[in-house]
Amino acid sequence: MLGSTAPDSEAAGRHILVAVAWPYANSPVHMGQLAGAYLPADIFARYHRMRGNRVLMVSGSDSHGTPVTVRAEAEGTTPEEVYQRFHRTFLETWAGMGISFDLFTSTDTPNHVAVAQDMFRRLLERDFIYEGEQTLLYDPKAGRFLPDRYVEGTCPFCGDPNARGDQCDNCGRTMDALELKNPRSRLSDATPEPRQSKHFFLRLSAFNERLREWVEPQTHWRPAVRNFTLGLLREGLHDRAITRDLSWGVPIPLEGYDEKRLYVWFEAVIGYLSASKEWAASTGAPEAWRAWWEGAEARQYYFQGKDNVPFHTTIWPAMVMGYGELNLPYDVPANQYVTMSGSKASSSRNWAVWMPDYVARHDPDPLRYVLTALMPETSDSDFTWAEYVRRNNDELVARWGNLVNRVLTMTRRNFEERVPAPPSTLAPESQAMLEAVDAAFEEVAGHIEAVQLRNALGAAMGVAQAANRYLDERAPWTAVRSDRDHAAETLYVAINVVSGLATLLQPFLPFTSQEAWAFCGHAGDIQAAGWTRTPVTPGTPLPEPHPLYKKLDDALIEDEESRLGR
RNA sequence: GGCAGGGUAGCUCAGAGGCCAGAGCAGGGGACUCAUAAGCCCUUGGUCGGCGGUUCGAAUCCGCCCCCUGCUACCA
């Protein structure tokens with residue numbers, strides 16, 4: 001009864017691919033992106049690792065694409081320099097926030113180029129890619145075709161004279177650059193002219209029915225993801241051009257296309273596969289990636305923000321179907337958006353909390369906690385600094401951190417800094433308390449496996465609350481003077497609950513869970529101990545604890561709010 | 001315009017045909033004092049966006065309307 005119990009909701013040893021959105025390497029990641037994809041992916045990966053499953057968590061910098069080029073030209077530098085600079089900020093953010101990638105690479109690697117070109121070639125051979133003509137704007141002075149963002153002109157909808165070719169910032173309408181009135185090139189003072197250009201197209205229309213048959217039975221997908229995808233398929237997918245007249249990107253592996261590149265939306269999703277191969281090669285087992293990509297035992301989860309859903313539920317699956325042999329996604333647990341103080345995050349208005357800034361000023365676990373509690377799994381949610389301070393102080397500090405602190409300081413003071421011995425038979429409420437922790441492993445596991453992380457965290461925190469209640473009922477601070485054995489039992493049980501909670505919370509709060517684990521007298525890495533309550537045995541010396549979390553002052557709210565939008 | 005999601009207590013959000021609609025916080029009261037004055041107990045508070053319908057019974061299903069958000073695919 002005093003031992004631990006292990007949940008067995010699914011066989012250990014399963015291969016889990018945790019595929020996470022590739023951030024565009026032209027700005028640092030902000031809090032919304034963290035909450036939307038990186039944090040949920042990390043929680044999911046950490047849990048599965050503890051369960052003994054074989055996790056491969058990959059992503060990388062999306063180093064190609066027009067915004068990287070635009071930024072490079074604006075700064076008078078190269079696209080390489082731009083993406084490498086932001087790649088470094090990504091790595092710092094993952095380290096600072098504990099986002100535990102097995103590999104975070106980039107699309108600018110020889111491996112990725114080879115894998116992307118292989119995908120292109122096979123789809124071309126199978127006639128899922130074909131060549132066609134497209135009318136695009138051409139700058140006769142610069143001697144090149146212009147991406148939509150390189151064209152400016154008068155908006156055909158609202159008449160704003162400074163609309164970009166892809167979208168008008170004034171009225172928000174999107175358009176084809178050919179629709180602009182009085183177009184002008186951003187590369188020269190020339191007037192762009194429409195010209196025919198040859199491009200390759202992905203035959204998405206050929207996959208419409210197969211995709212529909214595949215998506216229809218995915219009832220474990222989030223309703224918003226499945227419904228949205230079925231809506232796209234009902235309207236019918238259109239073939240899309242997958243090449244552009246650019247020099248920065250993956251070259252087309254055919255003669256005579258030196259001035260064209262694969263377009264990022266086609267090429268970047270291949271990164272999941274190329275990163276898996278790169279990871280395998282780096283371990284000295286180049287074929288090891290197959291375990292996550294072939295066979296019914298492996299499962300692939302693609303963590304995304306909602307804006308990326310079409311790419312992961314239609315385009316990438318279509319590419320995989322066309323390519324053959326590889327597994328399709330098991331789930332695409334896309335999140336909605338986290339808004340900042342009521343408004344959508346926006347780079348141009350600087351309405352965002354940039355993660356490098358956060359990491360420089362604050363601790364990782366409180367933000368991981370707050371963003372998990374607010375995770376926009378069903379609808380958009382709103383982040384405010386007031387809510388951050390409130391949840392930190394009332395929930396992390398008061399409910400969980402204080403539980404750890406009160407139990408350990410009381411025990412050390414009264415029982416010679418060691419875990420006290422309980423009587424041979426535990427009181428019913430003590431047994432019930434231990435059973436509650438052990439039962440929580442099953443419950444939290446079920447929520448995480450269903451990618452319902454908010455509920456998972458809530459279930460774990462519910463145990464902390466039950467433990468505070470248990471302490472209050474047993475009042476060991478009183479019992480220690482009248483009935484020492486009674487107090488010993490209470491504190492022994494409470495320390496074991498803390499040990500279990502440290503593990504339950506580890507996927508969410510990896511930094512402080514490791515500390516709480518050590519406070520229980522355990523040595524080594526909490527993750528290695530597995531998804532189960534590690535028993536704390538009587539007599540174990542207890543190190544001196546310190547508070548796991550800082551209580552935050554309300555002044556922080558105003559300080560941080562004032563940084564938004566300026 | 002089209003498509004999707006949402007409008008539930010002062011605030012942030014759960015619930016998706018059936019006991020008197022829930023949680024946390026905020027507000028009110030209480031017992032305790034080990035702990036970062038934290039924890040625990042009790043409690044005030046809602047015509048579940050509006051109107052109609054289906055049903056023995058509807059936040060929960062259907063229709064219409066109002067409002068918010070996102071997407072609308074060469075932004076990825």
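In what follows, chains are A, B, ... by sequence order, proteins preceding strands, each numbered from 1. Keep in mind it's a predicted model, so treat the numbers as computed, not measured. Values reported hereafter were calculated over all heavy atoms of this structure, with side chains retained and with hydrogens, waters and symmetry mates removed.
The CD-C1' distance, from A:Q336 to B:rA4, rounds to 9 Å in whole Å. Here the P atom of nucleotide B:rU33 and the CG atom of A:N402 are 16 Å apart, to the nearest Å. Between the CG atom of A:L232 and the P atom of B:rG5 there is a distance of 12 Å, rounded to whole Å. In this structure, the NE2 atom of A:H447 is 14 Å from the P atom of B:rA14, given to the nearest Å.
Spacing between B:rA9 and B:rG24 at atom C1', rounded to whole Å, works out to 12 Å. One P atom belongs to B:rC41, the other to B:rG53, and the distance between them is 45 Å to the nearest Å. To the nearest whole angstrom, the two P atoms, one in B:rG5 and one in B:rC64, are 15 Å apart. B:rG27 sits 30 Å from B:rA16 when the C1' atoms are compared, rounded to a whole Å. Between B:rU33 and B:rA14, the distance separating the two P atoms is 40 Å to the nearest Å.
Residue A:L374 is in sugar-phosphate contact alone, with no base atom involved, counting any heavy-atom pair closer than 4.0 Å across all strands shown. Within 4.0 Å of A:G236, counting heavy atoms only, lies at least one base atom of the nucleic acid. Here A:D307 lies in heavy-atom contact (under 4.0 Å) with a base. Within 4.0 Å of A:P547, counting heavy atoms only, lies at least one base atom of the nucleic acid. Within 4.0 Å of A:K306, counting heavy atoms only, lie sugar-phosphate atoms of the nucleic acid but no base atom. In this structure, A:T384 reaches neither bases nor backbone, as no heavy-atom distance under 4.0 Å exists between it and the strands shown. Residue contacts for A:Y337: at a heavy-atom cut-off of 4.0 Å it reaches the sugar-phosphate backbone alone, with no base atom in range. Using a 4.0 Å heavy-atom criterion, one finds that A:V397 contacts the bases of the nucleic acid, with or without backbone contacts as well.
Looking at A:R195, its side chain never comes within 3.5 Å of a backbone N or O of A:Y138 through a donor-acceptor pair.
A:W265 and A:F311 have tilted rings, their planes meeting at an angle from 30° to 60° on a 0 to 90° scale. Using the six-membered ring where Trp is involved, A:H64 and A:H112 have ring planes that are tilted, between 30° and 60° apart. Ring geometry for A:H312 versus A:Y302: interplanar angle of 30 to 60°, hence tilted.
Open room surrounds CD on A:E544; 12 or fewer heavy atoms of other groups in view lie less than 6.0 Å from it. More than 12 heavy atoms of other shown residues, nucleotides or ligands fall within 6.0 angstrom of atom CD in A:Q196.
With a glycosidic angle more than 90° from 0, B:rA9 adopts the anti conformation.
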Output a table of nitrogen or oxygen pairs between the protein and nucleotides 21-24 of chain B separated by less than 3.5 Å.
unit_1	atom_1	unit_2	atom_2	d
B:rG24	O2'	A:R390	NH1	3.4
B:rG24	O2'	A:E395	OE2	3.1

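With B:rA35, B:rU33, B:rC40 as the choices, the nucleotide that has an atom nearest any side-chain atom of A:W477 turns out to be B:rU33. You'll find that the side chain of A:L237 is closest to B:rA73, out of B:rC25, B:rA73, B:rG39.
If you check distances only, the side chain of A:D472 does reach the base of B:rG39 with a donor-acceptor pair under 3.5 Å. Judged by distance alone, with hydrogens and angles left aside, A:N405 brings no side-chain donor or acceptor close enough to the base of B:rA35 to form a pair under 3.5 Å.
Checking the phosphate oxygens (OP1, OP2) of B:rU36, no side-chain nitrogen or oxygen of A:R406 falls inside 4.0 Å. For the OP1/OP2 pair of B:rU36 and a distance below 4.0 Å, the side-chain nitrogens and oxygens of A:N393 include no atom meeting the criterion. OP1 or OP2 of B:rA38 lies within a sub-4.0 Å distance of a side-chain N or O belonging to A:K551.
For the residue pair A:N468 and A:R406, a side-chain donor N or O sits within less than 3.5 Å of a side-chain acceptor on the partner.
B:rC3: Watson-Crick or G-U partner is B:rG70, with both key distances under 3.5 Å. Nucleotide B:rG63: paired with B:rC51 (Watson-Crick or G-U wobble, both distances less than 3.5 Å).
When all heavy atoms of A:S63 and A:W248 are compared, the pair lying nearest together is O-NE1, 2.8 Å.
Taking the ring centre of A:F228 as origin, the terminal cationic atom of A:R222 falls outside the region bounded by 6.0 Å and 45° from the ring axis.
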